[in-house]
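Everything below concerns the one structure shown next.
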Amino acid sequence: MSELLEHLQANLQQVTGYIYPNEIELHWSLLIVIYPYVTGLVAGAFILASLVEVFKVKEVASTYRLALLTALAFLIAAPLPLLAHLGHPERSFQIFLTPHLRSAMAMFGFVYMWYLMLVLLMEIWFEYRADLVRWSNERRGVMKLVYWALSLGSRDLSEKAVRFDRKAVYAITLVGIPSAFLLHGYVGFIFGSIKANPWWSSVLMPIVFLFSAIVSGIALVLLLHYVTTMFRRVKPDMACFNKLASFLMYALIIDLSLETLDFIHRMYESEESIEILAQLVVTKLFISLTIVQLLLGTIVPIVLLAIGRFSRIPEEVKRVVFFIAALLVQVGIFSTRWNVVIGGQLFSKSLRGLTVFKMQLGGIEGLFMGIALLILPFVLLWILIKILPPWDQQEAS
Amino acid sequence: MRLWKIPDQVIRLAVLIVIALAVLIVVRLRFIPDSFGEIGHYRTDALKEQAALTLHYAGMQACIECHDDIGEMKAASYHRNLSCEGCHGPAFKHVDDPGEFSPAVAAGRIMCVRCHGYLASRPTGFPQIIEAIHNPVEPCTACHDPHDPTPPEVPEDCSACHAEIARTKAVSHHWSLSCETCHEASPEHRQSPRSFLPKKPTERAFCGQCHGNGSSSRESAPQIDLNEHGGRYLCWQCHYPHHPEGR
Amino acid sequence: MSKDLKRREFLARFIQLPCAAMVFGAVGTGDNKAAAEGPYRAEDHLYAMGIQVDRCIGCGLCAEACKNENNVLKEPYFFRTWIERYSIMMDGEAEVDSPRGGIGGFPPLEEGSEVMRSFFVPKLCNQCDKPPCVQVCPVGATFKTEDGVILVDESYCIGCRYCVQACPYGARYIDPRTLTADKCTFCYQRITKGLLPACVEVCPTQTRVFGELGTRSSPLHRMKRQSSIQVLKPAMNTEPKVLYSDLDGEVR
């Protein structure tokens with residue numbers, strides 16, 4: 001506690017203007033930045049996978065299973081930052097015991113469970129079921145048991161059963177697209193519905209969150225596809241890269257348009273809060289919003305992707321350009337989450353002053369914890385890929 | 001032969017889901033706190049817990065139950081609305097066990113100055129002193145009894161209460177005018193300020209005594225034609241009498 | 001002396017009995033309804049507070065008494081109630097300060113500052129009738145009681161801090177000792193015994209007026225009858241039960 005008090009005292013020194021005395025402590029910090037970032041990746045990756053399944057986009061079919069596993073790995077990790085930031089994580093189960101139906105946050109448990117259990121896990125299960133049966137037949141020892149358990153003891157490899165799996169996957173995907181929209185639109189709603197906070201309170205918030213989620217998800221799958229292609233030493237599938245890059249570019253343009261609309265709308269309406277928000281944007285958020293989110297995270301990637309798509313440069317260079325663009329997009333989207341979560345707490349609800357956010361290195365809300373939570377889903381993904389290899393099928397076919 | 005057969009894999013999944021749901025429901029029934037949801041979406045026992053928290057302030061009623069002499073004295077004084085524990089601090093323990101715990105006694109000047117030190121933001125009419133020039137160093141209780149703080153002499157100077165106006169006027173062109181020049185205050189105003197309000201000028205002609213053309217005032221006072229200047233407005237609607245040259 | 005002691009002993013017991021407290025209740029809030037009845041019944045009350053801004057002298061006794069009564073941490077980052085000083089300058093700009101929440105009083109205004117008007121405004125939880133903090137609480141750990149007070153169930157709060165974000169008035173904080181949300185309760189332990197909230201008890205100028213809505217014989221009702229009443233941030237549509245008279249438009 002003494003650490004917190006010291007921290008607050010240091011913050012107090014840097015307050016400009018007037019803030020309510022209880023506002024010196026910033027309540028949502030790095031972990032809550034990571035949470036919407038990670039769920040965004042889940043929704044984005046899943047929506048990409050769904051495009052493949054529902055609209056039969058052949059070029060990116062090879063990323064379908066990878067995208068599903070990515071979504072799963074990040075979804076498993078998504079509640080961890082939330083849990084870690086709670087004052088009493090041991091009481092978190094109360095959200096399921098006595099959910100307050102009018103609370104957006106209480107719905108998290110249900111949206112999450114719906115998405116994880118009924119959509120993602122079921123889709124993956126039907127997608128992999130035949131393989132699981134086959135692997136449990138082929139393998140020996142522990143893995144045989146693991147695959148047997150994962151297949152829930154199912155043995156049926158008949159053509160009829162496999163055909164049913166395909167149908168089930170298709171049906172779940174149809175349900176899954178709105179579910180993915182719900183998952184991340186809902187995260188935006190958590191912020192967008194706080195009328196006390198003019199930086200958050202906006203009907204566009206869920207939509208902006210959703211499209212930035214799609215952007216980050218596509219970029220992540222592109223990055224993973226690049227890296228896995230490299231490590232597996234297979235011939236890069238240029239059509240797939242091109243298609244992913246196009247999707248990414250279009251999604252980015254929509255995202256940018258929405259953000260611009262939000263910006264213009266705020267400027268034009270020019271409500272009571274506009275002065276303090278303007279101050280916030282040109283001072284505390286200048287680097288993370290204007291430079292990182294807008295310039296490096298959106299405009300530069302759009303230009304790079306356009307160059308990659310429409311100019312005649314060698315394929316190897318092209319892939320590197322896509323890779324860099326996707327990497328910048330990740331930084332940009334992380335920055336977007338930062339600007340929403342942290343930015344929304346840097347000004348006082350008295351609209352008369354600004355405060356500061358100082359990141360701690362250690363501790364539960366610290367930088368190292370944040371990095372660990374961002375690495376974790378990749379470890380999970382690696383494990384998932386080991387257990388459920390997403391490539392065998394294509395190489396066989 | 002059945003027309004439609006549920007596929008094997010669906011049955012297996014369904015069993016899993018049913019088990020999971022059953023566990024969830026059982027856990028839910030088992031762990032919801034007893035008093036939850038009796039009245040609203042909360043634990044009713046939480047109300048009892050809040051209501052049972054320890055008190056620290058006994059309330060004035062409890063103090064004067066024993067200290068009735070002081071209570072009576074105070075009730076007739078300017079400090080009649082003050083709670084004992086405002087100055088003496090929380091005293092519930094004292095009420096509980098007067099022998100063991102004694103409330104604080106405010107000494108020196110700090111406690112009094114918290115309310116009566118001059119601050120421009122305080123409402124006008126609230127008695128305020130400028131600590132540095134009001135009998136410096138002397139403890140307030142040397143002259144004032146906190147339970148009946150009527151000053152040893154009834155304030156001669158209006159600034160004792162109207163410090164902000166006095167300060168403003170002191171740097172204005174009206175610095176040399178006494179308050180009584182414009183305000184007629186009955187002696188009772190000094191005892192019960194809100195019940196006996198001082199009078200204020202009501203007509204333009206009042207200001208005209210000095211500022212009207214041809215009036216017999218000092219030459220330094222600017223003079224105007226009362227008929228032309230200002231039209232239908234009263235003088236103090238534009239000029240603040242305590243600082244008339246203010247923009 | 002012996003008579004005196006007996007009386008004190010009697011009083012010591014007297015104040016601890018809930019039914020005796022009801023007699024106080026008649027004195028404390030000017031409400032006679034419950035006086036004759038038995039144990040405290042929340043549904044018989046609807047509490048509210050009035051703040052007469054033109055009376056506040058910024059002494060800070062209320063904020064201090066609040067911390068004493070409710071065991072609030074003394075550090076200046078945790079307040080159930082605090083006092084703000086507004087100074088509207090000649091150019092119309094408003095400057096606000098609240099050093100240590102007003103506890104210990106305020107320093108003089110800066111010498112030579114061109115102040116047009118200046119005043120103090122006490123702040124606290126507005127005990128909204130439509131509380132955004134209750135709306136967002138995922139588990140039902142903060143709630144509106146039948147007597148209109150918004151409380152936090154310390155043993156049920158999960159510490160997600162969503163309520164802190166949702167409060168438009170900055171009235172909530174996280175107590176670092178329990179890592180749960182905390183806020184003004186109108187001194188629930190006091191008002192249920194018919195006593196005044198600590199801040200109202202010590203307020204020397206009757207800036208703070210405590211009472212019940214729907215009761216005609218109370219200082220609160222008089223204030224509502226005689227003054228123009230405003231609430232903080234009416235656009236938020238939270239319907240506060242802390243009512244301000246003579247509130248300046250700059251206050252938010």
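Numbers restart at 1 for each chain; the letters A, B, ... are given by sequence-line order, proteins then strands.
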Note to self: Can you tell me which of B:Gly89, B:Cys84, B:Cys115, B:Gly125 forms the most heavy-atom pairs within a distance under 4.5 Å of chain C?
What the structure shows: B:Cys115
Notebook entry, point to check: Would you find more than 12 non-hydrogen atoms of other residues, nucleotides or ligands less than 6.0 Å from B:Ile17 atom CD1?
Noted result: yes
Next item on the list: Could you tell me which of B:Cys87, B:Pro33, B:Ala52 has the largest number of non-hydrogen atom pairs under 4.5 Å with chain C?
Entry: B:Pro33
Check: Are C:Tyr188 and B:Leu53 close enough that some pair of their side-chain heavy atoms sits under 4.5 Å apart?
Finding: no
Next item on the list: List the atom of C:Pro108, the atom of B:Leu119, and the distance in Å for their closest heavy-atom pair.
Entry: CA-CD2, 3.6 Å
Next item on the list: Tell me, yes or no, whether the heavy-atom count around C:Gln226 atom CD, taken from other residues, nucleotides or ligands under 6.0 Å, exceeds 12.
Entry: yes
Checklist line | Greater than 12 external heavy atoms within 6.0 Å of B:Asp69's CG | finding: yes
Item checked: Residue part contacting chain B, namely of C:Asn68, when any heavy atom lies under 4.5 Å -> both
Note to self: Taking atom CD as the centre, does B:Glu49 end up with more than 12 heavy-atom neighbours from other residues, nucleotides or ligands that are less than 6.0 angstrom away?
What the structure shows: yes
Notebook entry, point to check: Do any N or O atoms from the side chain of C:Gln189 and from the backbone of B:Leu55 form a donor-acceptor pair under 3.5 angstrom?
Noted result: no
Notebook entry, point to check: Quick check: does any side chain N or O of C:Arg190 sit under 3.5 Å from a backbone N or O of B:Tyr57, one acting as donor and the other as acceptor?
Noted result: yes
Checklist line | Heavy-atom pair count under 4.5 Å with chain B, highest-scoring of C:Val139, C:Asn70, C:Val115, C:Val134 | finding: C:Val139
Note to self: Report which part of C:Leu151 has an atom under 4.5 Å of a heavy atom belonging to chain B: side chain, backbone, both, or neither.
What the structure shows: side chain
Notebook entry, point to check: Given side chains that start at C-beta, do those of B:Phe36 and C:Tyr156 come closer than 4.5 Å, heavy atoms only?
Noted result: yes
Notebook entry, point to check: Where on C:Cys56 is there a heavy atom nearer than 4.5 Å to chain B: the side chain, the backbone, both, or neither?
Noted result: backbone
Next item on the list: Let me know if C:Val53 has heavy atoms under 4.5 Å from chain B in its side chain, its backbone, both or neither.
Entry: neither
Next item on the list: Against chain B, label C:Gln206 side chain, backbone, both or neither, depending on which of its atoms sit under 4.5 Å from a heavy atom there.
Entry: side chain
Check: Is the closest side-chain heavy-atom distance between C:Arg117 and B:Ser121 below 4.5 Å?
Finding: no
Item checked: Segment of C:Thr185 engaging chain B (4.5 angstrom heavy-atom cut-off) -> side chain
Check: In this structure, are over 12 heavy atoms from other groups packed under 6.0 Å from C:Lys74 atom NZ?
Finding: yes
Check: Does the side chain of C:Asp153 pick up a donor-acceptor pair with the side chain of B:Tyr42 at under 3.5 Å?
Finding: no
Next item on the list: Considering non-hydrogen atoms only, spot the tightest contact between B:Ala58 and C:Leu195 and give its length.
Entry: O-CD2, 3.8 Å
Notebook entry, point to check: Can you name the nearest heavy-atom pair linking C:Glu201 to B:Met60, along with the distance?
Noted result: OE2-N, 2.8 Å
Check: Can you check whether B:Met111 reaches C:Leu61 side chain to side chain, under 4.5 Å on heavy atoms?
Finding: yes
Notebook entry, point to check: So do the side chains of B:Gln50 and C:Val149 get within less than 4.5 Å of each other, counting heavy atoms only?
Noted result: no
Next item on the list: First locate atom CZ of C:Phe120, then atom CZ of B:Arg122, and finally report the distance between them rounded to the nearest 0.5 Å.
Entry: 5.5 Å
Margin query: Within the supplied structure, the quantity of interest is the number of heavy atoms (other residues, nucleotides, ligands) at a distance under 6.0 Å from B:Glu184 CD; does it exceed 12?
Written below: no
Item checked: Close side-chain approach of B:His56 and C:Lys67, heavy atoms under 4.5 Å -> no
Item checked: Proximal component of C:Thr205, with respect to chain B [non-hydrogen, under 4.5 Å] -> side chain
Notebook entry, point to check: Got a sec: does the OH of B:Tyr233 have more than 12 other heavy atoms crowding it under 6.0 Å?
Noted result: no
Next item on the list: Give the C-alpha distance, both sets of side-chain angles, the deciding distance and a yes or no for side-chain contact (heavy atoms from CB on, under 4.5 Å) between B:Arg114 and C:Glu64.
Entry: CA-CA 12 Å; B:Arg114 260 177 92 168; C:Glu64 193 178 326; 2.7 Å; yes
Item checked: Portion of B:Thr44 that has a non-hydrogen atom of chain C nearer than 4.5 angstrom -> neither
Next item on the list: Please state whether the side chain, the backbone, both or neither of C:Cys203 comes within less than 4.5 Å of a heavy atom of chain B.
Entry: backbone
Checklist line | Between C:Ser155 and B:Arg43: side-chain donor-acceptor atoms closer than 3.5 Å | finding: yes
Notebook entry, point to check: Under 4.5 Å between any side-chain heavy atoms of B:Asn81 and C:Pro204, yes or no?
Noted result: no
Margin query: At a 4.5 Å cut-off on heavy atoms, which part of B:Leu47 comes close to chain C: side chain, backbone, both, or neither?
Written below: both
Next item on the list: Could you look at B:Gln128 and say if it's the side chain, the backbone, both or neither that has a heavy atom under 4.5 Å from chain C?
Entry: neither
